[in-house]
Amino acid sequence: VREINNTIGTIYSGELLITVCRRLCCLVAQMPRIIPIEEGESDSRALVCAMEDATFALVCNESNERNLHDIGEKILDTINRPVEYDGMVLDVHGYIGMSHYPSHGTTPSELLRKALIALDVARSKDLLQLIYSNDVDPYSARSLSLAGDLKSALQVDKLELYYQPQVSLRDDEVIGVEALIRWIHPKYGFIPPDEFVLIAEQAGIIRQLTAWVLETAIAKLNVWESEGLDLNISVNLSAKNLDEHDLVDRIELLIDQYGVSSDNLSLEITETAMMADPKQALMVLNAINDAGIGLSVDDFGIGYSSLAYLKRLPVTELKIDRSFVMEMCKDTDDQVIVNTTLNMSHSLGMTVVAEGVEDRETLNTLRRLGCDIAQGYYICKPAPAPAFEQWLRKTEFSVKHKGKDQRKRDQRPPDNTATSS
């Protein structure tokens with residue numbers, strides 16, 4: 001809304017919202033499970049409620065999540081159509097937050113509050129639609145408790161990095177790892193990273209969390225380099241990290257402190273994080289590139305970045321999201337997406353990593369298609385440093401060393417290296 005206001009003014013942006021509202025009203029009037037919010041005279045019914053901040057609400061008599069998802073898709077398809085105004089074509093993008101009666105509340109105000117929370121989280125994570133749950137609610141008792149516990153865990157070093165190897169498909173050589181943060185809570189057990197990273201962002205401690213990950217990963221890189229290993233280590237960044245004016249300076253200080261090569265460090269950023277503020281992202285990514293640190297686009301294929309924007313970025317690597325890789329040998333559409341992404345990325349001079357490789361057939365298909373690097377459970381599950389280092393010593397894959405040719409030619413991992421997810 002802010003961008004449209006700046007382009008055409010608040011009066012005309014209001015007219016645009018009226019156009020979107022009319023589209024929505026026409027659509028839901030044809031849906032049998034939409035419940036009127038208000039009954040008027042002469043059988044008139046209000047099906048849509050206009051709220052502040054370009055938000056609309058409606059009530060649906062449907063409990064099946066699959067059906068709710070389908071209804072959401074129809075709504076988004078309708079309101080997301082471009083709007084023509086004064087010779088311009090304006091893009092409109094919507095998000096949907098949902099709540100259920102009675103599991104999420106028994107009063108209209110409670111249900112509305114939960115739906116708005118889901119909407120805020122969907123918008124912040126660039127998810128088209130999201131159903132409320134305590135896990136995503138930053139105001140739930142669990143989330144508030146986890147926010148305090150996460151601060152304490154950072155202070156007393158109760159987090160851990162796991163490492164998942166990346167293998168070159170050209171010569172079956174382990175050339176790098178992705179560092180993945182893990183948190184085992186004393187009360188709740190394993191906390192999914194997506195959950196506590198979101199909590200860290202909302203609690204304002206994502207800077208400290210990322211700083212801990214970077215230092216732990218770079219310290220481990222120092223150990224591996226001293227042992228003669230020549231492995232690249234990838235660390236994930238949050239969209240919030242791109243707002244830190246001193247991010248690159250702090251990373252360079254860590255590189256100097258531990259005496260590691262910047263060539264062996266890569267930073268991963270998702271499509272959605274880059275698109276949150278493309279101008280700011282481009283500035284930070286250029287600074288990272290100037291520091292000699294590698295850049296990777298993570299989860300490619302599930303966001304909305306255009307090729308025109310992508311080719312402007314100083315990225316050297318693109319990671320195909322696991323959702324396209326895991327079923328590619330069974331789903332021809334997924335295989336077409338993977339193959340197209342490979343061709344496009346190679347034409348832009350990028351290396352391609354395929355995530356979610358869970359069987360030998362997928363590994364061999366990726367090799368045949370010309371994919372550069374594979375990562376997934378078939379190769380090795382993410383593991384803490386001691387277990388990962390033990391795997392390195394025993395794996396049938398060759399391992400990249402500095403100044404040495406450690407390749408075990410004509411060897412392939414046996415079928416029993418596969419691990420179920």
Side-chain angles (χ1 to χ4, degrees), residues 126 164-180 231-237 239 242 262-276 278 281-282 284-359 361-376 378-379 400:
D126 204 20
Q164 187 172 35
Q166 298 174 334
V167 172
S168 167
L169 294 180
R170 180 174 61 85
D171 46 24
D172 282 343
E173 182 177 55
V174 180
I175 59 172
V177 299
E178 180 178 1
L180 300 162
L231 298 178
N232 182 80
I233 191 164
S234 298
V235 174
N236 293 278
L237 292 184
L242 298 182
S262 61
D263 293 341
N264 282 340
L265 176 65
S266 293
L267 301 177
E268 297 186 13
I269 189 77
T270 63
E271 278 189 272
T272 51
M274 291 186 300
M275 297 308 292
L282 183 60
V284 174
L285 297 183
N286 278 326
I288 292 171
N289 181 65
D290 292 341
I293 300 167
L295 283 167
S296 178
V297 179
D298 195 16
D299 296 343
F300 184 79
I302 62 174
Y304 301 94
S305 59
S306 67
L307 291 180
Y309 179 71
L310 189 63
K311 72 178 183 179
R312 293 170 55 201
L313 299 175
V315 298
T316 55
E317 181 181 274
L318 184 148
K319 301 186 76 173
I320 305 176
D321 186 68
R322 60 187 292 114
S323 62
F324 300 112
V325 175
M326 292 176 63
E327 300 295 326
M328 62 177 288
C329 291
K330 302 174 184 176
D331 189 320
T332 56
D333 289 340
D334 282 350
Q335 190 165 148
V336 168
I337 291 171
V338 170
N339 192 36
T340 302
T341 304
L342 284 166
N343 293 333
M344 176 202 71
S345 303
H346 287 158
S347 69
L348 294 174
M350 297 181 189
T351 299
V352 180
V353 180
E355 298 180 292
V357 179
E358 299 202 348
D359 53 59
E361 184 182 7
T362 302
L363 188 77
N364 289 337
T365 300
L366 288 166
R367 181 183 286 113
R368 176 176 57 80
L369 292 176
C371 185
D372 304 292
I373 300 169
Q375 175 181 343
Y378 176 70
I379 297 167
K400 190 177 182 183

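Only this structure's heavy atoms are used, side chains among them; waters, hydrogens and symmetry mates stay out.
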Between L318 and S296, what is the shortest heavy-atom contact and its length? N-OG, 4.4 Å
Can you sort out the partners of N264 under side chain to side chain contact (heavy atoms under 4.5 Å, CB included), two or more places apart, ordered by chain and number? L221, E225, D230, S261, K402
Test item: L265 and V235 side chains (from C-beta on) under 4.5 Å apart, heavy atoms: yes
Heavy-atom check, side chain of L363 versus side chain of R367, under 4.5 Å: yes
Pick one: which of L366, I320, L169, V338 meets side-chain contact (heavy atoms from CB on, under 4.5 Å) with V352? I320
If the condition is side chain to side chain donor-acceptor pair (under 3.5 Å), which residues does D372 pass it with, not counting sequence neighbours? H346
Does anything in residues 348-357 pair up under salt bridge (charged side-chain N to carboxylate O under 4.0 Å, His left out), and if so which pairs, sequence neighbours excluded? K319-E355
Is the backbone of E358 close enough, under 3.5 Å, to the side chain of T362 for a donor and an acceptor to pair up by distance? no
Please round to the nearest 0.5 Å and tell me the distance separating atom [atom1] of [X] and atom [atom2] of [Y].
{"X": "S168", "Y": "K400", "atom1": "OG", "atom2": "NZ", "value": "9.0 Å"}
{"X": "R322", "Y": "Q375", "atom1": "CZ", "atom2": "CD", "value": "9.0 Å"}
{"X": "I288", "Y": "L237", "atom1": "CD1", "atom2": "CG", "value": "5.5 Å"}
{"X": "T316", "Y": "I293", "atom1": "OG1", "atom2": "CD1", "value": "11.5 Å"}
{"X": "M328", "Y": "E361", "atom1": "CE", "atom2": "CD", "value": "9.0 Å"}

Under a 3.5 Å cutoff, is there a donor and acceptor pairing between the side chains of E178 and Q164? no
